[in-house]
Amino acid sequence: MPARFHSSSPRCAGVVIKRPVASSFSASWLRGDPRALEFLSDRFRHRAARAEAVAAAASRPLAPALHEVLVARNARLAPSPARERNLELLARPGTTAVVTGQQVGLFLGPLFTVYKAASAIAAARSLAEETGRPCVPVFWLQTEDHDLPEIDHCFVPRSAGGPLRLALELPGAATSRVPVAHHHLGPGVTGALAALRAELGGNPHADEHLALLERAYRPEATLADAFADVLSALFADEGLVFLDPRDPRLAPLAAPIHRRAIEEAAAISGKLAERGQALAQAGFSEQVHIRPGSPLNFFSPDGPEGARYRLDPAAPGTWTLVGHPEGASVTTAELLSWLEREPLRFTTSALLRPILQDSWLPTAAYVGGPGEIAYFAQLSPLHAHVGLPMPLIVPRARFRVIDDRVRRLLDTLGLSPDDANAPRDELLARLAARDAGEAFEPPEAVEARLVSAFAAELARLGERMAAIDPAFAQGISRTDKTVRRGVSRLVARYGRSITRRDQTTLERVERLRAWLAPEGAPQERIYSLPYYASRLGSHAFVRLVLEACEPFSGNLKDLKP
């Protein structure tokens, strides 16, 4: 059975995230569509605007209490003089930050996690060089979410047999509402590592990379700690700083944001709903649907390590815990009391997280993927409401790895990497027609010729019969539809027949698509790091990515090790 892939997306309090993650907005925005730019500026493209964003961020120094927690949290990671220097810089007024973040997926989750981290580093370097102000890359560990099925597995490519799925098999993962920060890897990680070693052990750098994973991914470790341990080791030379919002010492610093989210829920949701309607009217898919009156945070009634629930307004001053098995409710007074006594019971949603981030950090820029770009388009009213400037939104780097195996397939088939995105049958038919010369006309040409000839004859017949039988046109229309369906089925069979003539080509195309576009999805959204690191070396792969990063581009690039 072929593997099924799931792209990750955050869950929100008071909101519904629509799938797929990538929306039409991000593509339009990257193209510079004026309709999209009305909702989200492309200031990242302009040097003067970048300097303004850095200057604005430099005026908001990091709070000493937050800096103290950052130093303590990062001291647990792989040794890094560069990270220590960056932490020292964050304590100085005038230092800014480039932030990115990601869910803490198994073995770092999809490849774009590495690309995000590298993009933040490259952007921070560029902003520091352009402005002369220190700029530090910060990775926000998204540990408040509770969607375990999004992160408890990963995929690695195989030469044959389809992708290998590795999973933790955590009990109750599908229904868990506990923030992922409080989940340990459990015994399933031992089996996942063993399967990884069995699959990749013969690669030249497998021992080095698997040893790195095995040191971090232990049954007693949490998903977040293992993730941070590996990513910090990979980017130790670049000084990437890590922030975990579920650190208990940070909860009191988050309380003011949670208080505003509760007390001003109606006003905030109203402004965000208006923004969503404007986006829809401009012709964009609405990424986040706002629930009227609902605050943008979650509450855990049974304690910080308990299930978290979205809040929906009920009677005045009362909130329903959505999804609670007993249909429980809570009053505003009770929520604010818990916020005073135990603020770790509260967690942010996808829309509230950027507000917390920008109130804590001197954020000059945020590096995001397509989904994040789409919901940042809705955030301007929220930033304005709380009095925070919107940082630069910078698209993360997008890469496609063309290693030696892929290059050989491309050369043999005479294809480009972009060809792998075409539908399989269309690609096979094109190859078969090309290889056969003029013996086999391409299916689309056959269909066009047959339909065109028949349509012309029907049109002439209709003209002759119009004066005699006005209802005759209905019969022509029905016949036209019937014939078109029949021709389409016939041509599909024709295409399948000419493609089956070369089973070897079929197998090669399947392998190529599996490497570059597994089940039609971008490689970077499906496959994880272990395969590429075991073949090229962990740090060699990271260097390759860093060297290829164009900090303010967003264009897809091919990595050719």
Side-chain angles (χ1 to χ4, degrees), residues 1-8 19-24 27 110-112 153-166 199 370 398-451 484-528 531-532 556-560:
M1 178 179 292
R4 295 295 169 201
F5 307 115
H6 304 276
S7 59
S8 62
R19 301 182 187 225
V21 171
S23 74
S24 61
L111 276 169
F112 67 70
H153 64 281
C154 68
F155 294 93
V156 295
R158 292 189 288 190
S159 298
L164 173 65
R165 185 180 189 272
L166 305 160
E199 177 65 28
R398 297 186 296 138
F399 293 117
R400 181 170 50 191
V401 185
I402 312 293
D403 65 4
D404 54 346
R405 290 176 174 174
V406 174
R407 280 197 298 271
R408 285 196 295 270
L409 279 171
L410 290 171
D411 291 344
T412 300
L413 292 167
L415 296 174
S416 73
D418 288 339
D419 290 328
N421 296 319
R424 188 196 68 165
D425 286 351
E426 176 186 316
L427 185 55
L428 288 169
R430 192 195 329 159
L431 287 170
R434 182 194 68 188
D435 294 343
E438 297 181 359
F440 293 103
E441 191 177 2
E444 57 270 22
V446 172
E447 184 168 6
R449 182 162 46 79
L450 292 176
V451 168
R484 284 179 183 271
R485 285 195 296 268
V487 169
S488 181
R489 288 194 295 269
L490 181 65
V491 170
R493 180 174 178 179
Y494 164 80
R496 290 192 296 271
S497 297
I498 64 174
T499 58
R500 289 195 193 102
R501 65 188 294 272
D502 191 342
Q503 186 64 27
T504 300
T505 297
L506 172 62
E507 292 171 354
R508 287 170 175 162
V509 166
E510 292 281 21
R511 289 205 305 275
L512 179 65
R513 284 170 50 80
W515 287 114
L516 295 184
E519 289 203 350
Q523 176 197 73
E524 61 181 20
R525 297 199 64 85
I526 303 300
Y527 292 139
S528 294
Y531 166 81
Y532 302 94
L556 176 65
K557 294 181 66 176
D558 288 334
L559 293 179
K560 298 179 179 179

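Atoms considered below: every heavy atom in the structure, side chains included; atoms not considered: hydrogens, waters and symmetry mates. Model, not experiment: these values are computed from the prediction.
With respect to Arg407 and Asp558, no salt bridge is recorded, no charged nitrogen being found less than 4.0 Å from a carboxylate O.
Taking CD of Glu519 as the start and CZ of Arg525 as the end, the distance is 14.5 Å to the nearest 0.5 Å. Atoms CD and CD1, from Gln523 and Ile402 in turn, are 7.0 Å apart once rounded to the nearest 0.5 Å. Rounded to the nearest 0.5 Å, atoms CD (Glu444) and CZ (Arg430) are 8.5 Å apart. Rounded to the nearest 0.5 Å, atoms CD (Glu447) and CZ (Arg484) are 9.0 Å apart. Summarising the geometry, atom SG belonging to Cys154 is positioned 8.0 Å from atom CG belonging to Leu164; distances are rounded to the nearest 0.5 Å.
The shortest heavy-atom contact between Leu512 and Leu409 is N-CD1, 3.8 Å. In terms of heavy atoms, Tyr532 sits closest to Tyr527 at OH-CD1, 3.7 Å. Considering every non-hydrogen atom in both Ala420 and Ala517, the closest pair reads O-CB, 3.8 Å.
Arg513 contributes a side-chain N or O that, together with a main-chain N or O of Ala422, makes up a donor-acceptor pair within less than 3.5 Å. Judged purely by atom type and a 3.5 angstrom limit, Arg158 uses its side chain to pair as donor or acceptor with the backbone of Gly162.
Counting only heavy atoms from C-beta outward, the side chains of Tyr531 and Asp403 approach each other to under 4.5 Å. A 4.5 Å side-chain heavy-atom check between Ser416 and Asp418 finds at least one atom pair inside the cut-off. Between Leu415 and Leu431, the closest side-chain pair of non-hydrogen atoms falls below 4.5 Å. Counting only heavy atoms from C-beta outward, the side chains of Leu166 and Glu199 never approach each other to under 4.5 Å.
By the side-chain hydrogen bond (donor to acceptor under 3.5 Å, both in side chains) test, Asn421 pairs with no residue at all, sequence neighbours left out.
Residue Lys557 places its NZ atom among more than 12 non-hydrogen atoms of other residues, nucleotides or ligands, all under 6.0 Å distant.
Residue Pro417 is tested with Leu556, Leu516, Val401, Val406 for a side-chain contact (heavy atoms from CB on, under 4.5 Å); the sole match is Leu516.
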